[in-house]
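Read through the structure below, which is laid out as structure tokens, and then see the notes.
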Amino acid sequence: MMQPLRQQSCCFTGHRPEKLPWKHDEENPRAIALKEKIFDVVEALYQSGLTHYICGMARGCDFYFAEAVLRLKEERPDITLEAAVPFEGQAGRWPEQDRNRYFHLVSRCDYESLLQRAYSDDCMKRRNFYMVDHSAVLVAVYDGLFGGTMQTVNYAKKSGLEVVEIRP
């Protein structure tokens, strides 16, 4: 397969469950509404010509994003999803339910980019910058809190990407 074009690509960043108001309760009406909003944004970006989506495959909002892309892909088979994995054992210490969800999602991706074999202090940052460097648009579930999401949003803006922010 040929590498997708940057101008047709979108990446995603967002909070882990611990930073979301509903934590792990995905049946919460606000969680359900956020998932629908992410789907609507992905669908609008597809309509604007973006067909390749890159996800860092972290717990929380990354899972929501990957699931939204896969849902749209059922109707739009020209969509591709790339798992940008920061290091080989990313899901190794997660709860079993999250690990199973992660492996299921990765198995449904069209591409898998492993950034490095072993964990390092900067592997998540390297993954985030990789996604931005290969995209034209960043979708961010972001509420202004300091952390990796803020760092990715700032890097994307500095790099000239269009940034679509969704408040959780």
Side-chain angles (χ1 to χ4, degrees), residues 6 9-26 28-46 48 50 52-72 81-95 97-99 101-102 105-106 109 111-116 119-168:
R6 181 178 184 170
S9 299
C10 168
C11 63
F12 179 83
T13 189
H15 295 307
R16 308 302 164 259
E18 297 78 20
K19 286 189 174 182
L20 296 170
W22 52 86
K23 307 291 185 207
H24 297 274
D25 180 12
E26 292 186 35
N28 182 291
R30 292 176 295 173
I32 293 167
L34 175 61
K35 290 179 185 184
E36 281 305 308
K37 177 67 176 171
I38 292 170
F39 179 83
D40 292 344
V41 167
V42 169
E43 188 172 42
L45 290 169
Y46 174 81
S48 75
L50 299 178
H52 181 68
Y53 299 86
I54 308 171
C55 182
M57 305 309 294
R59 295 166 41 253
C61 291
D62 281 17
F63 285 175
Y64 302 173
F65 177 75
E67 289 164 348
V69 171
L70 290 168
R71 181 175 142 201
L72 187 59
L81 178 60
E82 176 180 353
V85 179
F87 70 101
E88 226 167 20
Q90 174 171 280
R93 294 185 177 185
W94 293 353
Q97 182 177 352
D98 290 336
R99 274 195 322 270
R101 189 174 181 184
Y102 167 85
L105 290 172
V106 170
C109 289
Y111 300 88
E112 183 177 350
S113 299
L114 177 65
L115 279 289
Q116 60 190 57
Y119 176 83
S120 67
D121 289 343
D122 69 342
C123 67
M124 303 302 179
K125 177 181 172 181
R126 291 183 68 226
R127 183 262 327 266
N128 295 341
F129 285 16
Y130 164 86
M131 294 190 306
V132 168
D133 291 343
H134 289 85
S135 298
V137 177
L138 170 70
V139 175
V141 172
Y142 176 60
D143 60 5
L145 292 176
F146 182 78
T149 300
M150 173 188 270
Q151 184 180 56
T152 306
V153 167
N154 290 340
Y155 181 69
K157 287 178 178 178
K158 181 180 168 187
S159 299
L161 269 68
E162 175 186 344
V163 177
V164 179
E165 290 187 27
I166 302 171
R167 296 284 173 186

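Here, residue 1 is the first one in the sequence, and each next residue gets the next number. Owing to the predicted nature of the structure, the values given are computational and were not obtained by experimental measurement.
The backbone N or O of A136 sits nowhere less than 3.5 Å from a side-chain atom of R6 that would complete a donor-acceptor pair. When atom types are taken as modelled, the side chain of Q90 and the backbone of M57 share a donor-acceptor pair closer than 3.5 angstrom. Side-chain atoms of T152 never come within 3.5 Å of backbone atoms of N128 as a donor-acceptor pair (strictly under, hydrogens ignored). R16 places no side-chain N or O within donor-acceptor distance of the main-chain N or O of G60, the cut-off being under 3.5 Å. Judged by distance alone, with hydrogens and angles left aside, the side-chain atoms of K23 form a donor-acceptor pair with the main-chain N or O of E18 at under 3.5 Å.
Contact annotation: the side chain of D133 approaches that of Y155 to within less than 4.5 Å [non-hydrogen atoms, C-beta and beyond]. Contact annotation: the side chain of R127 never approaches that of V85 to less than 4.5 Å [non-hydrogen atoms, C-beta and beyond]. Counting heavy atoms from C-beta on, the side chains of V141 and L34 come closer than 4.5 Å. L105 has its side chain within reach of L70: a pair of non-hydrogen atoms, C-beta onward, lies under 4.5 Å apart. Between R30 and P21, the closest side-chain pair of non-hydrogen atoms falls below 4.5 Å. The shortest side-chain heavy-atom distance between P86 and R126 does not fall under the 4.5 Å cut-off. Considering only heavy atoms from C-beta on, Q151 comes within 4.5 Å of F129 through its side chain. A heavy-atom distance below 4.5 Å is found between the side chains of V132 and C11.
Nearest heavy-atom pair, G14 versus D62, reported as atom, atom and distance to 0.1 Å: N-OD1, 3.9 Å. When all heavy atoms are compared, the tightest approach of V42 to F65 is CG2-CE1, 3.7 Å. Scanning all heavy atoms of the two residues, the minimum distance from F12 to C61 falls at CE2-O, 3.3 Å. When every heavy atom of A31 is checked against every heavy atom of W22, the shortest pair comes out as CB-NE1, 3.4 Å. Contact record, A91 with Y102: CB-CD2, 3.5 Å, taken as the closest heavy-atom pair. Considering every non-hydrogen atom in both C10 and L45, the closest pair reads SG-CD1, 3.7 Å.
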Start with the C-alpha distance between E82 and S113, add both sets of side-chain angles, then the distance that settles side chain to side chain contact (heavy atoms under 4.5 Å, CB included), and finish with yes or no. CA-CA 7 Å; E82 176 180 353; S113 299; 2.5 Å; yes

For S135 and L161, what are the C-alpha separation, side-chain angles and deciding distance, and is it a side chain to side chain contact (heavy atoms under 4.5 Å, CB included)? CA-CA 8 Å; S135 298; L161 269 68; 4.1 Å; yes

Set out, in order, the CA-CA distance, both residues' side-chain angles and the distance that settles salt bridge (charged side-chain N to carboxylate O under 4.0 Å, His left out) for E43 and R71, then state yes or no. CA-CA 10 Å; E43 188 172 42; R71 181 175 142 201; over 6 Å; no

Kindly determine whether Y53 and S9 satisfy side-chain hydrogen bond (donor to acceptor under 3.5 Å, both in side chains), including the steps that lead there. CA-CA 6 Å; Y53 299 86; S9 299; over 6 Å; no

Check against side chain to side chain contact (heavy atoms under 4.5 Å, CB included), L145 and M150: CA-CA 7 Å; L145 292 176; M150 173 188 270; over 6 Å; no

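In this structure, NE2 on H15 lies 5.0 Å from OG1 on T149, to the nearest 0.5 angstrom. For the atom pair CD1 of I38 and CG of L72, the computed distance is 13.5 Å after rounding to the nearest 0.5 Å. Annotation: the span from Y130 atom OH to I54 atom CD1 amounts to 5.5 Å, rounded to 0.5 Å.
A salt bridge between R167 and D143 is absent, with no side-chain N of the basic residue lying under 4.0 Å from a carboxylate O of the acidic one. In this structure, K157 does not pair ionically with E162, as no charged nitrogen and carboxylate oxygen lie closer than 4.0 Å. With salt bridges taken as basic N to acidic carboxylate O contacts below 4.0 Å, one links E26 and R101.
For K125, the NZ atom counts as loosely surrounded, since its 6.0 Å shell holds 12 or fewer non-hydrogen atoms of other residues, nucleotides or ligands. Other residues, nucleotides and ligands contribute over 12 non-hydrogen atoms within 6.0 Å of the NZ atom of K35.
Checking Y142 against T13 by side-chain atom types alone, no donor-acceptor pair falls below 3.5 Å.
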